[in-house]
Amino acid sequence: MTDLRDLYQEVILDHSKNPRHSGTLNPAQFSADGHNPLCGDKLHLTLNMEGDRVSDLRFDGSGCAISTASASMMCQALKGATLDEIQSKFSAFHQMVTGEAEFDVGSPPLGKLAIFAGVAKFPVRVKCATLAWHTLRAALDRGEQPISTEGDDDMSAPAQLNTTELESSVVDVLKTCYDPEIPVDIYELGLIYTVKARADGHVDIQMTLTSPACPVAGTLPGEVEAKVRALKNVSSAQVELVWDPPWDKEMMSEAAQVKLGFF
Ligand code: ZN
């Protein structure tokens with residue numbers, strides 16, 4: 001397990017620092033813009049086909065390490081692929097990161113992309129990993145409008161409020177909450193497992209603490225709930241404290257790890 005985690009960190013960091021296939025194709029037959037408001041990731045994808053195969057594809061943009069690495073590895077995996085191969089990799093990747101199916105590193109049809117399996121444990125990061133794939137699909141559908149990862153939500157009710165925007169404003173508030181002993185906010189620290197907003201303005205949050213014996217166990221969830229409830233457009237909020245999976249320092253964002261001196 002340790003080997004796999006090391007491999008995951010190594011590969012993600014390598015691709016986020018030195019993204020392959022970055023840039024813009026000009027001219028491009030297909031292009032689309034993608035945006036993940038939950039994390040702030042943005043990318044522009046351009047792609048050319050020769051017959052049924054991808055002759056080249058590039059991405060440009062700014063985002064977190066997971067979104068950049070995912071775009072870089074997706075481009076690497078799809079250069080030369082047919083539309084059928086793209087479709088089967090897309091659905092396998094999506095099933096893996098949403099936890100619907102399990103894949104081992106190197107198993108077909110994902111190959112190296114199976115490194116992203118760990119993302120399934122962190123629902124707030126799933127959209128970072130899928131952004132490039134959704135943008136690619138929009139490009140192939142000849143979507144000319146910027147697309148959002150909102151389609152990933154399991155929301156069944158028709159939206160009265162924009163739930164993605166609401167979730168994004170909740171994340172902004174979570175970034176102002178601190179465990180008094182740690183100089184990194186609770187979102188970057190990886191204590192937030194899920195943020196789900198409903199169209200009626202209700203927000204559900206699952207969070208953990210660095211350990212069950214943590215001295216702020218009694219007060220922090222209540223503080224978070226009060227801050228979120230005070231947000232415009234939030235009608236009610238519920239914070240659930242969970243211990244599975246237990247928090248681990250690898251759940252911190254790369255920025256938090258740098259700040260706390262782990263890199
Ligand atoms: Zn991200």
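Atoms within a ligand are numbered from 1 in the order they appear, just like the ligands themselves. Everything numeric in this text was worked out from a predicted model, so none of it was measured.
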#### Entry: Pairs where residues 227-238 contributes a residue and the test salt bridge (Lys or Arg N to Asp or Glu O under 4.0 Å) is met, not counting sequence neighbours
E225-R229
## Note on the structure
Sorted by chain and number, sequence neighbours left out, side chain to side chain donor-acceptor pair (under 3.5 Å) with N48 holds for none
### Message
Quick check for you: within a radius under 2.8 Å, how many protein N, O or S atoms neighbour the Zn ion (ligand 1)?
### Response
5
### Query
Roughly how far, to the nearest 0.5 Å, is CD1 of I186 from NZ of K175?
12.0 Å
### Task
Answer with yes or no whether the side chains of H44 and D33 bring together a donor and an acceptor at under 3.5 Å.
yes
### Message
If we count only N and O atoms by modelled type, under 3.5 Å, do the side chains of H202 and S235 hold a donor and an acceptor together?
### Response
no
#### Entry: salt bridge (Lys or Arg N to Asp or Glu O under 4.0 Å): pairs with one or both residues in residues 64-81, sequence neighbours excluded
D56-K79
